[in-house]
Amino acid sequence: MEKVIEVVEIKKAFGGNKVLEGVSFSAEAGKVLGIIGPNGSGKTTLINILSGVLTQDHGKVLFMGMDISHEKAYVRAKLGIGRTFQIPRAFPSLTVWENLQLAQLHSGKEVSIESVLKRVGLYELRGRYSDKLSLAQRKRLELARALMLKPKLLLLDEVFAGMNPASIWEVSEVIKGLKEEGLCIIMVEHVLSALMPLVDEIIVLADGRVIYWGDKYGAFKEEKVRRAYLGEKYSSFGV
Amino acid sequence: MEIIFQLLIDALLLAGYYALLSSGFSLMWGVSGIINLAYGSFVLVGAYLVYTFHLLEMSLFLAFPLTVALGLISGVVLQHLLINRLINYEPFTLLVLTFGFDMLLSNLLNFFFKADVRSLTLESLSGSLFVSHFIVPYNKLLVFLLSFLAILALQLYLKGTWTGKAIRAVSFDRVGAELCGINPGKIYTISTSLATALAMLSGGFYALLQGFTPFDSGGITLKAFFVCVVGGLGNVHGLLLGSLVLALSEVFSGFYLGEGWKVVISLVILVLFLLWKPQGVAGVKYA
Amino acid sequence: MLKLLSFIFVVGCLFPLFANPYWLRIASSALLLSSLSYAHNLLFYFLGYPAFGGIAFFGLGAYTFSFLYSKGFPLIPSLLLSMLIPSLSALILLPIMLRLKSHYFAISTLALQVMLMELVENIEFFGGTKGYALNLSHHANIIAYYLFLLALLGLFLFVILLERSVFGRTLKAIKEDETASLTLGINPMPYKLSMLLLMGMSLGFLGGAFSIWSAYIDASTVFNPTLSVKTFFVLILSLNSPIYGPFLWSLFFEMFFETLWSNFPQMHGILLGLGIMLLILAFPRGLKWKRS
Amino acid sequence: MGVIWGLLLALLSVAFSQDVIRFGAAVSLTGKFAKEGQLVKRGYELWKERVNASGGIKVGNKRYKVDIVYYDDQSDPLTSARLVEKLIIEDKINFILGPYGSAQVFSVAPIVEKYGALMVQAGGASSEIYKKGYKNIFGLYTVAPFYGRDLVELATKLDKDAKRIAIIYEKDIFSEDVASGALEHAKKKGLEVVLYEGYPKQVQDLSSLMQKIRLLKPDIVIGSGHFQDAVLTVKQLKQFGINPKFLGLTVGPALPAFVQALGEDAEGIFGPVQWSPALKYKDPVFGSTEEFVKLYRERFNSDPEYHVAGAVAAGVVFQKAIEDAGSLEVDKVRDALRKIKLETLFGVVGFDETGKIITKPMAIIQIQKGRHVTVYPFEEAKPIYPKPQWK
């Protein structure tokens, strides 16, 4: 399988505090890669670097074999990298439909708004202004917006956070469907119960370093992972 | 060659005054984040007050403290009547409010004092001190010393007293300060009234230094803004450094390029700093 | 929307035929103020940048026009150049736009405006402190009036189209959340660039028309910060009605303050300052008319 | 009986409802030019009172009283332009008596020309005003370059080896014009111009300039500006201990307020003037210069300045032109003004096609023991040279 995204020795620091200290990994089409780790381990920064919102201090990002390390965010979006935000950023003065219409115009891809809205379950709310939506609905809107780009790589930043179980199930189905269609999906997530069924591989980030990358079941056997995740005292708990 | 030293002396004297002139503006901006465009008019109100007191045969030793007292009171009034109403709206609305207030104040001054050029020329200060072939006008020297003392007093107050520490705490982190039981509202009022008092005090010195008209306020506010942007907010080194840069640029461009270029050169420096180093040379807080 | 536009067009064209010079002057200054507001709104309402110092390009247009016209250039080419030069120089704002937000952006553009004023006064080549006295024909006032009317109608139509178009919605997306719009494939640069050029161009044109209207211009009149505050005063009040607001508020503003000026010129400055304070205190978020 | 009453009433009404010619003037009553502006207004008022006392202006067989509407332009050119526009379109006045200050005249002229009104001004001397091809603008001041030229002429006459000259000027179209006249003449006379520099109008502190002058040690200092500039220049020259042998300042020295402001320090300073009370001319309204000066001294117990005399002359010239034209129509009065050749207390008044006065020379006064004395072109008293040191 050809690698959709490859990340080589990514380093990033804000002022003195180093957030990412040499992160490397890759992911293929049709695979879901989960990224977990305690707060402040650099997960969201990593997503921002992959999507071009931030630029790394050091290291390379390859997408479908092309080096996009220094491409701007809107160029990466056009290439087919869609993303959602930890705190949803819908455009308040535009309706749901207008949000997607904007994405359709600028992505230049032939994707029908109606089908995407139906897929994420927002079709009935298409005329509503996005600041009138609930948190979960706004997350679906962001997912829909990303799908308008006909993405090959989808970056989901804690899409399940704050969602009720029913929506979690629905969105999981959508993600499964996308996976079958051959999308490569990277999910940063804390809701492990929802994440585990979806992912093929897991990366555990701690203090800006990858301390585990591999099959999802092996992750929690690792002593380092438990200590990083559950803290010193409880690391041996429930072994 | 000694003209360079002469210019440096002039710049130093001017820098001392500019530090006091912009201290109020910097305090208000640093603590409550308000850019007070009416600051220049408060300086002029101070100048006209001292001028009027002097006309009424009042000795300056009484005129200045009275002006400072009036400054403290008007600061409290300004904060409660006007600023507090818009404090939680877009900061831009405060900009428009203070600009309208500046227009009101300068036109009121024009209404009462007419647009004639006034100045406070004291016989004792009109001469100059000749040190070998360097010249130090008495009025500039006196204003330099008094400004220095005033800034020292301000520093002692901010560093020494409890309220002073509270003001500095609020200026660094409002939320943090609030968590330790400091009521930011009260601190804003104190800092605004302190700022207007400093403005009026420096207005009195302005009258000693040169002639003034009701419509000089724009130029004064711009100088204070320059010092805060270039020097940076949040500490006295920024204030002193910013004033020195302003004084040096004015004195040297005035001498080598001509009087007209003083303001232009300082504005060019200001815009460059706004572009590349908005937090200023020694500033700790983001401007 | 278009009903109001055609109404303004008809009334506007016929107005000078039976208005005496006094009312013609009030109408002209109202048209000028509303056009200035619409021009500034291209950046303020559509992109969220309060170009407090936008009047710098108005002044630049006035100086370009007067400089060329007094050198013998005919009216139309001078007017065209007085659109071109300010719109190109508006690009100076681009680097500032990229780094500074909201009221810091406002202050730095104001500093730019005052700098331009001082610069123009210091360089003899631009007429120095003399400024320009243009000898114009008797019906210069009428020409200026129609130029202002043309500017208003043009900008008014443009704003209406912009508000409805996808281009307009993209601008608002960039204004509301530039990062999010980036991830949709929107490159904000060409949008900011085009709005800057448009604002510079329309302000330059208004500067040229102002020179014809006032016949005498000097640095402190056409770079006057009071003009910036009057414009933003109108914009703040029309925050919630970008289509009608600027036009109607300008009409009210000029009507009120112009008659005020002629009856008691002394009190004009005092009441203008007081008026600005009272209105901003009363409507900090602008008057709520209609969610247009 | 009824008939006589009717006649009497008719006669009375004619006398009282006598027609009025309204003139308009936007003058600087406050601001930087307040001193000079108030004197110009005083000149207009003196002319008005005298004309109305002697029955008013005769147009054809009717007599018109004179009324003047004043506005204060606060020494700002734009306000001046707007106020004159207000005079023309709101107050419907077509005869404009000029404002004080060349910048104000420069800003008002296009407005007067645009609305087809008519202006006679005795307040702006800059030659720029007459380069615009205006038809309805007439000025009684000899143009500014003569101020500078005569000062340099006098300086070189008094002292052959005074070679180093410094010229500083307020950046204003009058002061720059004077400075250029002085510069041109200084070069012609082979003087070494060590400094030629302007300063912005609103500046109140010239220390940078003073440092330069102190360094250059010129023999002759020419300061071109208005009243405030002259006072500021003297104060700062003294503060910086600069003692030029010849000090010439425009506008300031001619005003008594100059001596009041500076006292001792005003001694020996030269000032170019448009007119001096020592001149001898006849006048159609005041009889002669002496009679005017006597009347002025009795009323204001001080010598009249050239600003007052010029303003009075402006009124007299306007009046004569209206009487010559025998009508109130602007075009007819303008043609009468163009052809006028009138000896007034201010001097012989005659205009060229641009409206500039060409028939009146300048004079220079010096402050001696608190009074100004004409020392050029004729010597009312010996000029003191070099200037006494600052006390």
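No experiment lies behind these values; they were computed from the predicted model shown. Naming: A, B, ... by sequence-line order, numbering from 1 per chain.
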Is a donor from one side chain sitting under 3.5 angstrom from an acceptor on the other, for D/Glu170 and D/Ser175?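 Judged by distance alone, the side chains do pair up.
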
Would you say D/Asp205 and D/Gln236 are linked by a side-chain donor-acceptor pair, where the criterion is simply a distance under 3.5 Å?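 Side-chain D/A pair, D/Gln236 to D/Asp205: present.
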
For D/Asp72, is it the side chain, the backbone, both, or neither that has a heavy atom closer than 4.5 Å to a heavy atom of chain C?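 Interface part for D/Asp72: side chain.
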
Residue part contacting chain D, namely of C/Ala215, when any heavy atom lies under 4.5 Å: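 Looking at C/Ala215, backbone and side chain both touch chain D.
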
Which bit of C/Leu134 is near chain D, if near means a heavy-atom gap under 4.5 Å: side chain, backbone, both or neither?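 Contact with chain D is through the backbone of C/Leu134 alone.
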
What is the ring orientation for D/Phe23 with D/Phe95, classed by angle as parallel under 30°, tilted 30 to 60°, or perpendicular over 60°?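 It falls in the tilted class, 30° to 60°.
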
Any idea which of D/Ala103, D/Ala81, D/Ser107, D/Pro77 has the most non-hydrogen atom pairs under 4.5 angstrom with chain C?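 Ranked by contacts with chain C, first place is D/Ser107.
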
For a side-chain hydrogen bond (donor to acceptor under 3.5 Å, both in side chains) check, start with the C-alpha distance between D/Glu85 and C/Tyr216, then their side-chain angles and the critical distance, and finish with the verdict. CA-CA 12 Å; D/Glu85 188 175 38; C/Tyr216 168 77; over 6 Å; no

